[in-house]
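All of these numbers come straight from a predicted model, not from anything done at the bench. So that the names make sense, note that chain A is the first sequence line, chain B the second, and so on, each numbered from 1.
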2 protein chains.
Amino acid sequence: MADILGDNGRKTARTPKHWALKDGLVSLVADAGPGGPLPGERALAERFGVSRTTVRKALTELMAEGRLTRVHGSGTFAGAGKVTQRLQLSSYTEDMRSHGLNPTSALLEATVEIAEPDVAALLAVSEGSAVLRLRRLRSADGEPMAIETSRLPLSRFPGLEERVGDTSLYGVLWEHYGVQLGHAEETIETALATPADAALLGNEVGAVMLRLSRHSFDTDNRPVEWVRSVYRGDRYKFVATLVSPRPQ
Amino acid sequence: MADILGDNGRKTARTPKHWALKDGLVSLVADAGPGGPLPGERALAERFGVSRTTVRKALTELMAEGRLTRVHGSGTFAGAGKVTQRLQLSSYTEDMRSHGLNPTSALLEATVEIAEPDVAALLAVSEGSAVLRLRRLRSADGEPMAIETSRLPLSRFPGLEERVGDTSLYGVLWEHYGVQLGHAEETIETALATPADAALLGNEVGAVMLRLSRHSFDTDNRPVEWVRSVYRGDRYKFVATLVSPRPQ
DNA sequence: TAGTGGTCTAGACCACCCC
DNA sequence: GGGTGGTCTAGACCACTAC
């Protein structure tokens, strides 16, 4: 008698079929090699004796873990793993280069808008004053990686809207306005890809993302920019160096 | 003639039905108030004229965003939002208290193991030497929040296995071994809840998580611990302060 | 025991890519 | 056109909770 092993009893780990399926799929990924093609979803369903729905659930999880990528009309392929980006006050460009990746940045939008109450508070300007909103698509080696939306106070940086796109934003701030970044508060959380995100990143709606929100200050502690970005959760991880608050 | 609006053309944002459903569900959440109950999934499917599968997909997304919680045999409830935790070299306990939450920590496991090559390298001990592995379940106000697995070199901290659980680990390290943390490298990425995670956290398998990996060093730059934790992505966000690498 | 959420199925149809 | 992934459906059965 006695419930022996595998009883899946209460408070124990239950393993759904879609989760167990991942083991089999992972070995297919290993066989395929980086970027190699996997069998189609219908073929996988037949091979493992499950429904296509269950296969897709397992594939979606593996995709979220960065182990494979799916391309709509094309197929499923072994994944490329995650890129590590350092959380620091440096440019995206420098950062990607240090990983041997070729970074590009497309300016999707540069518009002047009127500061809403929340943005006004964050940028320390009066409500309704002019704010420059920049929207960029960051890519590495041609693959879209992140969408970044920045807001800067035009009252502090008159004419900035004419100067973006030329060179690095932080370079422009220093050369034309004598402003240098001192510190920033960066928040990280999970999020899901919106339809707009998915369209730009070649993602699926609802894909797991990392949302970062950066509030940057200059060396005089005045707010300089407020940035919200979403990074593909299957392609990125972030690393930060923490120092002791009580240094001895 | 002429595709007017709503044509959902190429390269534009397509909005799947499950995503659009979220708007309707969000207003139900608002009506319910924090912690309030929502109608059952079958009732929602009928009300919105979609299949239960589609309702569940939308609910799963809202859950990942922290807007609601589901309890197995019980029901679906309006969510509690996210807690912000600072990335710093301080204890979980201090951190939660500063948010007015009552933190508890259950020691699930404290075992001595033999260092695998990767752990040995991280802790700067020889392969095969003794390592203490601690596994904790962190809760706030009674709700499970995170699972934390730490590893410390017993060769540097003899007898440590007898002293854990009494008080804070960092306190013990200081009082008995004269060791104080100097800095740490912390990595953050998304992950999915394993069956074991889900069982401990009262989560669903595959739920979105934040995985942190911390490599801590003492004031002499010697490695002290290596910690891997998973936090519920629907309950947590992290914030870090970044400082300029060129302080001029 | 009745109701709730959790898993799985088989099949339909659409959108996209490539030949 | 034919294949691939993306979305949605209707329904079955299981596991858990509350009564």
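At a cut-off of 3.5 angstrom, counting only N and O atoms as typed in the model, there is a donor on one side and an acceptor on the other between the side-chain of A/Arg52 and the base of D/dG6. Side-chain N/O atoms of B/Thr53 and base N/O atoms of D/dA10 include a donor-acceptor pair closer than 3.5 Å. You won't find any donor-acceptor pair under 3.5 Å spanning the side chain of A/Arg42 and the base of C/dG11, going by distance alone.
A/Ser105 and A/Arg138 are linked by a side-chain donor-acceptor pair at a separation below 3.5 angstrom, with hydrogens and angles left out of the test. Using a 3.5 Å distance cut-off with no hydrogens or angles, the side chains of B/Thr60 and B/Arg70 do pair a donor with an acceptor.
Checked options A/Val164, A/Leu169, A/Val131; the residue passing with A/Leu152 is A/Leu169 (criterion: side-chain contact (heavy atoms from CB on, under 4.5 Å)). Tested against A/Leu210, the residues A/Asp234, A/Val230, A/Ile188 include a single side-chain contact (heavy atoms from CB on, under 4.5 Å) partner, A/Ile188.
The residue among A/Trp19 and A/His72 whose nearest nucleotide of DNA chain C lies closer to the 5′ end is A/Trp19.
The listed nucleotides are D/dT17, D/dT7, D/dC8; the one nearest the side chain of A/Glu204 is D/dT7. Taking every side-chain heavy atom of B/His18 into account, D/dC8 is the closest of D/dC8, C/dG6, D/dG6. Taking the side chain of B/Ser51 as heavy atoms from C-beta on, and the options D/dG5, C/dC8, D/dA10, the nearest nucleotide is D/dA10. Nearest nucleotide to the A/Val205 side chain, out of D/dG5, D/dC8, D/dT7: D/dT7.
In this structure, A/Arg56 places its CZ atom 6 Å from C1' of D/dG5, rounding to the nearest Å. Counting to the nearest Å, the P atom of D/dG6 and the CG atom of A/Asn203 are 10 Å from each other. A straight line from CD of A/Glu46 to C1' of C/dT9 spans 15 Å, rounded to a whole angstrom. C/dT7 atom P lies 14 Å from atom NZ of B/Lys57, rounded to whole Å. If you take CG of A/Leu44 and C1' of D/dT4, they are 12 Å apart, rounded to a whole angstrom. Rounded to an integer number of Å, the gap from CD of A/Glu61 to P of C/dT7 is 9 Å. Between the NZ atom of A/Lys17 and the P atom of D/dA15 there is a distance of 13 Å, given to the nearest Å. Following rounding to the nearest Å, A/Glu41 (CD) and D/dG3 (C1') show an atom-to-atom distance of 12 Å.
Within the 4.0 Å cut-off from OP1 or OP2 of D/dG5, at least one side-chain nitrogen or oxygen of A/Thr76 is found.
Every residue two or more places apart in sequence or in another chain that forms a side-chain contact (heavy atoms from CB on, under 4.5 Å) with B/Arg228 is listed here: B/Arg211, B/Ser213, B/Trp226.
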